[in-house]
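Working notes, beginning with the structure itself.
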Amino acid sequence: MKSKTVSEISRIFLDYFKEKGHTIVPSSSLLPAGDPTLLFTTAGMVQFKPLFTGAVDLPYTRATSVQKCLRTTDLENVGKTERHCTFFEMLGNFSFGDYFKEEAIEYALDCSVNYLGFPKEKIWVSVYENDDESEKIWIAKGIPLERITRLGKKDNFWGPAGDSGACGPCSELYLDRGPEKGFPDCGTKNTCRPGCDCDRYLEFWNIVFNQFNQDTEGNLHPLKQTGIDTGSGLERMALLLQKVDSVYDTDELRKIITQVEAVSGKKYAEDTKVPFRVITDHIRSVLFAISDGIFPDRTGRGYVIRRLIRRAVLFARRLNLTKPFLFELVKPVIEIYQDRYPDLKKHSASIERTLFSEEELFLKTLELGLQKIEELVAKTKALGKNTFSGKDSFLLYGTYGFPPEMTEEIVAEQGLTFDRIGFEEELEKDRQFSRDTWKANKGSLLTGIKIDRTEFLGYETLEAESEIASAFLENKQVASLSEGQSGILVFKASPFYPEGGGQIGDTGFIRKQNGIFKVLDTQKENDVILHIGTVLSGSFSSGEKARLEVEKDRREKLRFHHSGTHLLNGALRSLLGPHVLQKGSIVSPEYLRFDFSHPAPLSGEEIRKIESWVNESISESIRVETKLLPIEEAKKTGAVAAFDEKYGDSVRVLQMGNRSLEFCGGTHVSNTQEIGYFLIKKESSPGAGNRRIEAVAGPVVIETFQARFAELTEASQNLNLKIRESLGQEGSPLLIQTHIPDPDEIRNLFEQKSAKAVAELRDLSEKLSLELEETQAKYLKEKKTRESRDFESNPEILKSVLDQGKFIGSVKIVSAIFDSKDAKSLKGLSDNLKVKEKELIAVLASKNVEDASIVVTCSNSLAGKKVHCGELVKAACEVLGGKGGGKPDMAQGGGKEKEKIQQAVELAVSMAIKGLNGEN
């Protein structure tokens with residue numbers, strides 16, 4: 001085999017399938033579009049899921065792609081094995097109701113042997129355990145039976161990606177790498193074949209024969225059209241074609257390793273390969289994820305990215321890398337991939353900034369956390385236990401920032417199991433715990449402090465050195481706080497913003513030589529700032545100096561939301577009137593909430609105008625200016641004051657051009673453009689005469705729209721699928737055809753149009769939501785109409801009802817009770833019954849969810865002469881506790897006592913018989 005670079009392999013694959021009539025489709029985002037069940041794009045077929053199920057019209061019937069993917073299912077193996085990666089590129093060719101098994105097998109073998117250069121004599125194949133057809137095709141294509149093995153569902157049944165979607169049996173191609181790659185006993189037993197856990201037979205191509213659609217309950221339904229979903233890992237393909245032992249020795253990953261060598265000053269060797277591989281893999285994952293707008297966070301996708309960053313930083317310790325370094329790899333890695341993924345370069349600065357901030361934050365506690373985990377492991381073993389407690393793992397998570405999965409990996413190396421249930425219990429306790437409880441017991445907390453106020457430095461800087469004025473433990477003033485103790489530190493000066501004006505308090509770290517204090521919250525009493533937290537190491541005593549460091553990213557998000565709140569207040573007063581007064585406010589890193597006086601709910605149009613007003617103010621790049629003025633002079637400026645704030649002799653006045661002028665001591669952007677975007681998520685009422693707006697600002701706006709359109713995509717595809725399945729071709733006019741933007745399109749729209757993107761995407765999401773509601777209503781109406789029509793004219797139902805009837809003379813009386821049928825359907829059925837019998841009396845009823853319905857009809861020759869349908873229904877409805885009546889030939893009614901439906905029908909039938917017998 002001739003060695004080929006990764007780029008060459010990719011190009012050969014795409015060109016081959018293009019020649020076979022496939023449309024080359026670009027890689028989709030790592031953020032899946034329209035599939036909330038997936039955290040990331042995990043396979044090449046993810047973007048094609050709706051094409052397989054038939055939820056959308058087909059833009060093509062053949063496609064090929066190279067898809068960026070992210071999986072963390074085997075994360076603990078990354079770095080330790082030859083081929084495990086979290087980020088990888090998947091080569092794929094797809095058929096949607098076009099070709100199936102024979103062509104897919106032919107393409108796989110032809111491309112592998114004649115274009116990529118695999119030796120045919122070394123190719124082995126696996127097929128699903130009962131797939132005789134595939135086995136015959138492989139033999140016909142030149143793969144002998146002895147090189148074909150059958151495997152069960154675990155190995156040879158794939159999918160779906162996520163909780164639902166297309167799936168089916170598969171057939172895989174393996175390359176025999178020789179007996180030297182097998183386990184020691186594989187050669188002696190001579191039983192080694194594909195499916196063995198050794199490295200001799202390495203799978204490099206997987207053909208999935210999509211035949212089923214799995215629903216969210218796990219049930220398999222036959223697809224209306226079969227399909228082909230091929231997956232071939234590019235890195236693994238390169239490993240085989242370049243004849244190297246590991247994916248990390250392929251040309252592109254080896255370039256990253258070279259960069260890690262340059263940054264670390266260490267050589268990639270047998271004793272260092274694990275950390276090198278972990279860093280090489282994880283930098284790709286986080287770089288591509290952040291480029292796609294997936295940022296480190298405390299939950300969801302962001303949590304996975306944060307975990308990968310922290311795992312890379314942890315393993316970097318083995319290379320003596322103790323300072324932020326991942327950000328230095330960004331540009332070199334982008335150079336490797338920018339030809340295939342040109343968008344990487346334009347996000348380079350954002351990726352670097354994010355990585356540096358995340359590394360810096362974790363490094364503040366990493367060393368102490370490692371020391372702590374050693375102590376806890378030793379304590380666990382000393383007690384004779386083999387399980388690392390949930391309480392200890394939560395301590396590492398909450399105090400030192402160790403993700404539980406990382407702790408689990410570390411303690412496993414020490415032979416300990418991980419108490420996941422115990423960890424979750426501790427996490428739940430923490431969620432219910434409020435740090436505000438100190439307020440209820442503070443009493444004379446500050447008695448004896450020698451300062452009247454803490455000088456706030458946080459407008460100009462996020463880091464400063466200051467002297468400790470006092471320390472508190474359990475609400476009592478103490479000389480010092482020691483390692484492991486949770487309490488309060490007071491400084492003469494501080495950059496930490498204490499909760500006030502709606503803005504929640506800062507978090508961060510306080511450091512001195514041989515000592516770290518983690519600040520979990522910042523509050524104030526009068527003008528004294530209280531730093532609430534835990535001593536991670538050393539001790540902190542009054543009179544000592546320490547360095548105070550505010551968590552930067554969190555403060556930045558607070559600035560976005562606080563400045564956004566001021567613009568929102570300005571918009572409300574400008575557009576609704578000067579009667580608007582602030583009644584409450586919360587400014588957090590995740591969102592803002594603003595309560596204000598206003599007598600009525602806001603209309604959709606008012607919300608759009610307010611939102612646009614704020615976004616226009618952001619896009620106008622208004623300088624944010626502050627002045628510290630005597631209170632009386634400040635009042636003369638006309639600045640708006642918050643209703644519940646107490647102001648001293650001097651007040652800070654914050655102005656944003658002619659858009660906002662308020663008293664405010666909070667932290668803000670220096671220019672409105674820094675906020676980026678603003679979106680109102682919800683409008684409600686917290687009480688009479690007041691309204692409440694919840695909104696987001698900054699990058700969270702993009703994430704909010706991506707999540708919203710993912711839900712709309714899934715909902716529209718599911719509805720389209722229901723329409724196709726229930727109504728067939730007749731349902732085509734009902735199908736939702738409106739284009740729904742994917743995550744990449746949403747990000748690009750914001751980059752191109754900035755503030756205007758919010759209005760456009762809001763309008764589109766509202767339009768789609770309305771379209772979904774209307775289409776759902778039309779679909780249910782049409783479905784009900786069809787079901788009624790099918791019910792009314794169903795030959796089997798007509799025959800069954802007539803067969804169970806009885807003749808009274810020449811007149812046939814029929815009765816039946818159905819489930820969940822309306823009066824119209826019962827009337828339609830009775831009309832069709834009358835066509836079958838010349839003289840007929842029909843008593844038809846339905847037991848519904850909340851009540852019962854009854855319809856009585858008769859032939860015209862009987863109406864009013866021998867029976868009166870209105871009288872029969874009236875009597876039957878009295879039994880049901882309801883009312884009814886009608887004409888001599890047709891009447892209907894119902895009642896709530898549905899359990900008496902049989903009794904009501906029998907009464908109507910008996911009255912009809914009496915009428916026919918002349919007994920009335």
Side-chain angles (χ1 to χ4, degrees), residues 28-42 46-47 49-50 55-56 68 70 72 161-165 216 286 288-307 347 350 354 557 560-561 564 588-593 607-608 611 615 675-684 693-719 736 738-751 753-755 757-773:
S28 64
S29 169
L30 284 176
L31 187 62
D35 193 343
T37 69
L38 281 172
L39 280 180
F40 303 101
T41 298
T42 56
V46 169
Q47 67 169 312
K49 284 176 73 171
V56 298
K68 52 189 175 183
L70 204 162
T72 57
D163 291 346
S164 62
T216 52
V286 299
F288 276 91
I290 296 170
S291 176
D292 281 349
I294 306 170
F295 293 93
D297 204 346
R298 295 181 298 170
T299 58
R301 297 181 179 94
Y303 173 77
V304 177
I305 301 309
R306 174 166 285 171
R307 179 183 164 199
H347 298 128
S350 172
T354 301
K557 293 171 184 174
F560 293 159
H561 284 119
S588 79
E590 291 81 23
Y591 70 100
L592 67 90
R593 193 178 81 192
I607 289 173
R608 274 190 288 274
E611 193 174 76
N615 279 308
I675 301 170
Y677 328 102
F678 178 86
L679 170 69
I680 295 174
K681 294 183 70 174
K682 185 179 179 182
E683 192 267 353
S684 60
I693 283 178
E694 294 175 34
V696 289
V700 185
V701 174
I702 301 176
E703 296 168 18
T704 302
F705 273 119
Q706 288 174 329
R708 183 177 295 180
F709 280 104
E711 291 168 359
L712 288 168
T713 300
E714 183 189 38
S716 64
Q717 290 176 359
N718 287 341
L719 181 54
I736 295 174
T738 305
H739 174 72
I740 304 177
D742 63 29
D744 282 339
E745 290 176 291
I746 292 168
R747 285 197 85 200
N748 290 335
L749 186 63
F750 274 101
E751 289 170 2
K753 297 193 175 183
S754 189
V758 175
E760 288 188 21
L761 291 171
R762 172 182 283 282
D763 288 345
L764 180 57
S765 69
E766 290 177 356
K767 174 188 172 186
L768 280 164
S769 296
L770 181 61
E771 187 178 357
L772 267 167
E773 289 178 17

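Since we're looking at a predicted model, the values are computed, not measured.
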Heavy-atom side-chain contact between Phe288 and Leu70 under 4.5 Å
no
Compare all side-chain heavy atoms of Phe705 with those of Pro741 and state whether any distance is below 4.5 angstrom.
no
Mind checking whether Ser29 and Asp742 have side chains closer than 4.5 Å, heavy atoms only?
no
Does any part of the side chain of Phe709, heavy atoms only, come nearer than 4.5 Å to the side chain of Ile746, both counted from C-beta?
yes
Are Val758 and Phe750 side-chain neighbours, meaning at least one heavy-atom pair lies under 4.5 Å?
yes
Nearest 0.5 Å, what's the CD-CG distance between Glu745 and Leu761?
10.0 Å
Taking all non-hydrogen atoms of both residues, which atom of His561 and which atom of Pro589 are closest, and how far apart?
CE1-O, 3.1 Å
Would you find a donor on one side and an acceptor on the other, under 3.5 Å apart, between the side chain of Gln706 and the backbone of Pro743?
yes
Can you find a pair of side-chain heavy atoms, one from Arg306 and one from Arg298, that are under 4.5 Å apart?
yes
Backbone of Glu714 reached by a side-chain donor or acceptor of Gln717 within 3.5 Å:
no
Roughly how far apart are Leu768 CG and Ile736 CD1, rounded to 0.5 Å?
7.5 Å
What's the shortest heavy-atom distance between Leu749 and Glu760, and which atoms?
CD1-OE1, 3.9 Å
Side chain to side chain contact (heavy atoms under 4.5 Å, CB included), paired with Glu771, selected from Leu719, Thr738, Leu712
Thr738
First locate atom CD1 of Ile680, then atom CD1 of Ile607, and finally report the distance between them rounded to the nearest 0.5 Å.
6.0 Å
How many angstroms lie between atom CG of Leu30 and atom OG1 of Thr42, to the nearest 0.5 angstrom?
10.5 Å
Contact check, side chains of Lys681 and Arg593, non-hydrogen atoms, under 4.5 Å:
no
Sub-4.5 Å side-chain heavy-atom contact between Ile294 and Phe40:
yes
Do Gln47 and Thr41 have side-chain N/O donor and acceptor atoms under 3.5 Å apart?
no
Between Glu703 and Phe295, is the side chain to side chain contact (heavy atoms under 4.5 Å, CB included) condition met? List the steps.
CA-CA 10 Å; Glu703 296 168 18; Phe295 293 93; 3.8 Å; yes
Charged N to carboxylate O under 4.0 angstrom, Arg747 versus Asp292?
no
Give a yes or no on whether a salt bridge exists between Arg762 and Glu611, defined as a side-chain N under 4.0 angstrom from a carboxylate O.
yes
Rounded to the nearest 0.5 Å, what separates atom CD in Glu590 from atom OG1 in Thr299?
8.5 Å
d(Ile305 CD1, Asp297 CG) to nearest 0.5 Å is 11.0 Å
Answer yes or no: is there a donor N or O on one side and an acceptor on the other, between the side chain of Ser350 and the main chain of His347, under 3.5 Å?
no
Can you check side chain to side chain contact (heavy atoms under 4.5 Å, CB included) on Ile740 and Ser716, steps first, answer last?
CA-CA 9 Å; Ile740 304 177; Ser716 64; 3.4 Å; yes
Of the non-hydrogen atoms in Leu592 and Phe678, which two are nearest, and what is the gap between them?
CD2-CE1, 3.9 Å
